[in-house]
Amino acid sequence: MGAVPGPHGLGPTRLEARVPAATTVWVLARWLRSRTAPVPAGGHWWRRVIAVDGKAARGARLADGRQVHLLRA
């Protein structure tokens, strides 16, 4: 797997304003599934696990005062 470039600083902010939350969740879930291929083990096909963590960056604020939220996979 090659490196995947991170989003532009304003990308997530613009995304939140234009895309419904359910659509964002669906797109992220599909992207995460595309990062790993199923592997056979013990007669079954298993998918590797990707841990996902989100947080609000303490002390970081956007120009309009909202907190910066981070998502890590």
Side-chain angles (χ1 to χ4, degrees):
M1 287 188 344
V4 178
H8 181 273
L10 295 176
T13 303
R14 291 180 184 149
L15 181 68
E16 290 170 6
R18 298 180 183 173
V19 179
T23 302
T24 303
V25 169
W26 183 81
V27 168
L28 286 173
R30 286 193 52 124
W31 179 80
L32 288 169
R33 284 192 70 158
S34 74
R35 300 292 93 194
T36 62
V39 293
H44 297 283
W45 284 88
W46 300 89
R47 207 170 267 287
R48 291 190 180 102
V49 175
I50 298 175
V52 177
D53 180 34
K55 65 182 276 184
R58 186 170 28 141
R61 300 272 178 200
L62 299 172
D64 63 4
R66 292 180 295 148
Q67 277 190 302
V68 174
H69 295 274
L70 307 173
L71 177 67
R72 185 186 326 208

**OP:** With sequence neighbours excluded, tell me which residues meet side-chain contact (heavy atoms from CB on, under 4.5 Å) with Ala56.
**Re:** Gln67, His69
Subject >> With sequence neighbours excluded, residues passing side-chain contact (heavy atoms from CB on, under 4.5 Å) with Val27 >> reply: Thr23
**OP:** Write down the atom of Trp45, the atom of Pro40, and the distance for their closest heavy-atom approach.
**Re:** CZ3-CD, 3.4 Å
**OP:** Over all heavy atoms of both residues, which pair between Ile50 and Leu32 is shortest? Give the atoms and the distance, please.
**Re:** CD1-O, 3.4 Å
Original post:
Are Val52 and Trp31 joined in one hydrophobic group, where the rule is that I, L, V, M, F, W and Y side chains link up if heavy atoms are under 4.5 Å apart?
Top reply: yes
